[in-house]
S.K.: 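My structure is below; once you've seen it, I'll send some questions.
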Amino acid sequence: MAANQTLYVNNLNDKINVETLKKSLREVFAAFGGIIDIIAMKSLKRRGQAWIIFKEVSAATNSLKSLQGFPFYNKPMRIAYAKTKSDVVAKADGTYVERPKKIVKREDLRKKTTNVAHAPPEIKTVSTPAAPAASQKSIQDRIGWNPNQTSTKASGGGGKPAEPNRTLFVENLPPEATDTMLSMLFRQYPGFQEVRLIPGRNVAFADYQNEYQAGMAMQGLQSFEMTPDVRLQLSYARK
DNA sequence: AGCACA
């Protein structure tokens, strides 16, 4: 696909409310350059996808390469260049031509309304503050998702497992893992407080409000497949 | 799976 300053992202978790999804996408992609807009919609045909419109093609290219397969709300992102130019950029180009509005067929309306009734409940968004906004520069320096990790054996620390407590010990992270990346993952679970990445080791600690919530997160994320051959290893932290 | 522009 030809390079484009707009990226097409799919395989997104469609249980996540679009507004929070867009915010989170922005957090992650903004590390690579200026973003003009992010478009995501929740209709049947369009959910699970988003368009990230960058100011520069180079930013699109870099983020495409580095974030391919990035675990985002529990699903690896699939990223490609968008097939066509976004309206905003065409407008700026002067190449924009009005496109005929989509006719909504009665069939589609019917589907839409029936589906509302049977729609699965949305995952409630956890009311934890977003990851502290690190400076543009520092994220840029530190983010880097390398999909070709070789898996390192998680030691588990050896010895007897720690008692359940509110802090999780996270092992087997790719060396380029960042706080932003990890908070994406852990903040989906209620009670999330913060995640601390330990520099130089492929390890982090994730705090929840109590050990019960930590346990839920541990169950949910245990062995999470960061890549086909790298799985997260979670245990309670030793104190 | 699905490439939009509210």
Side-chain angles (χ1 to χ4, degrees), chain A residues 1-125 130 143 145 147 184-185 188 220-221 224-229:
Chain A
M1 192 63 59
N4 189 317
Q5 74 195 81
T6 300
L7 295 179
Y8 173 69
V9 181
N10 68 2
N11 197 41
L12 293 170
N13 187 333
D14 59 22
K15 301 293 191 308
I16 308 301
N17 150 281
V18 262
E19 284 316 308
T20 48
L21 187 80
K22 292 204 306 196
K23 270 175 59 189
S24 300
L25 284 168
R26 190 168 224 112
E27 274 187 61
V28 174
F29 281 89
F32 297 85
I35 291 175
I36 297 173
D37 198 11
I38 294 184
I39 289 171
M41 280 154 291
K42 60 159 182 256
S43 73
L44 253 357
K45 306 305 280 294
R46 311 200 247 238
R47 60 190 175 197
Q49 307 158 76
W51 287 261
I52 320 288
I53 310 169
F54 280 100
K55 295 188 184 141
E56 314 277 353
V57 194
S58 61
T61 301
N62 288 335
S63 59
L64 184 152
K65 289 181 183 155
S66 0
L67 293 176
Q68 192 63 268
F70 181 92
F72 194 68
Y73 290 108
N74 251 352
K75 302 185 71 183
M77 289 197 273
R78 298 281 135 69
I79 312 176
Y81 291 114
K83 283 179 179 161
T84 60
K85 190 184 285 187
S86 297
D87 285 359
V88 252
V89 335
K91 279 170 184 160
D93 267 347
T95 61
Y96 179 72
V97 285
E98 191 76 36
R99 177 173 3 77
K101 299 223 187 332
K102 287 267 160 58
I103 307 296
V104 184
K105 292 178 300 225
R106 326 175 44 165
E107 180 67 10
D108 292 347
L109 281 172
R110 211 202 93 252
K111 267 192 202 162
K112 202 171 261 176
T113 43
T114 31
N115 262 297
V116 166
H118 304 347
E122 285 207 336
I123 285 181
K124 54 180 182 303
T125 33
I143 214 168
W145 178 251
M184 297 280 75
L185 221 47
Q188 320 170 75
L221 293 172
F224 176 75
E225 246 181 76
M226 309 281 281
T227 70
D229 54 352

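Worth knowing before you read on, the calculation uses all heavy atoms, side chains too, and leaves out hydrogens, waters and symmetry mates. Note that the structure is predicted; figures quoted are calculated from it, not measured. Chain letters run A, B, ... following the sequence lines, proteins first and then strands; every chain starts at 1.
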S.K.: Rounded to the nearest Å, what distance is computed from the CD atom of residue A:E19 to the C1' atom of nucleotide B:dA6?
M.R.: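 That distance rounds to 12 Å.
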
S.K.: Measure CZ/A:R46 against C1'/B:dG2 and give the value in whole Å, please.
M.R.: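 Value for this atom pair: 10 Å.
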
S.K.: Taking atom P of B:dG2 as reference, at what distance in whole Å does atom NZ of A:K83 sit?
M.R.: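 About 8 Å, once rounded to whole Å.
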
S.K.: Taking atom types as modelled, is there a side-chain donor on A:Y73 or A:Q188 under 3.5 Å from an acceptor on the other?
M.R.: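 No, A:Q188 and A:Y73 have no side-chain donor paired with an acceptor closer than 3.5 Å.
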
S.K.: Measure from NZ on A:K45 to P on B:dA4 and round the result to the nearest Å.
M.R.: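 Rounding to the nearest Å, NZ of A:K45 and P of B:dA4 are 10 Å apart.
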
S.K.: Rounded to the nearest 0.5 Å, what's the gap from NZ on A:K22 to CG on A:D37? Could you check?
M.R.: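 That separation rounds to 6.5 Å.
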
S.K.: Figure out the CZ/C1' separation between A:R99 and B:dC5, and round it to whole Å.
M.R.: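 Roughly 6 Å, once rounded to whole Å.
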
S.K.: Which pairs, with at least one residue in residues 55-64 of chain A and sequence neighbours excluded, count as a side chain to side chain donor-acceptor pair (under 3.5 Å)?
M.R.: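 Only A:T61-A:Y81 qualify under side chain to side chain donor-acceptor pair (under 3.5 Å).
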
S.K.: Taking for each residue the nucleotide of DNA chain B with the nearest heavy atom, is it A:A40 or A:N11 whose nucleotide lies nearer the 5' end?
M.R.: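 With A:A40 and A:N11 compared, the 5'-side residue is A:N11.
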
S.K.: Using a heavy-atom cut-off of 4.0 Å across all strands, would you classify A:K85 as base, sugar-phosphate, or nothing?
M.R.: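 Base: the residue A:K85, judged by heavy atoms under 4.0 Å, touches a nucleobase.
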
S.K.: To the nearest angstrom, how far is A:I38 atom CD1 from B:dA4 atom P?
M.R.: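 Distance, rounded to whole Å: 18 Å.
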
S.K.: Which part of the nucleic acid, if any, lies within contact of A:Y96, taking any heavy atom under 4.0 Å across all strands shown: a base, the sugar-phosphate backbone alone, or nothing?
M.R.: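 Touches nothing.
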
S.K.: Looking only at side-chain N and O atoms, does A:R78 come under 4.0 Å of OP1 or OP2 in B:dA1?
M.R.: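 No.
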
S.K.: Quick one: CZ on A:F72 to CG on A:N13, what's the gap to the nearest 0.5 Å?
M.R.: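 Nearest 0.5 Å value for the CZ-CG distance: 9.5 Å.
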
S.K.: In whole angstrom, what separates A:E98's CD from B:dA4's P?
M.R.: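 Distance check: A:E98 CD to B:dA4 P gives 16 Å.
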
S.K.: Would you mind reading off the distance between A:I39 atom CD1 and B:dG2 atom C1', rounded to a whole angstrom?
M.R.: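 So the CD1-C1' distance, A:I39 to B:dG2, works out to 16 Å.
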
S.K.: Is A:S86 side chain donor-acceptor paired with the B:dA4 base, going by distance under 3.5 Å alone?
M.R.: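 Under the 3.5 Å cut-off, the side chain and the base do form a donor-acceptor pair.
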
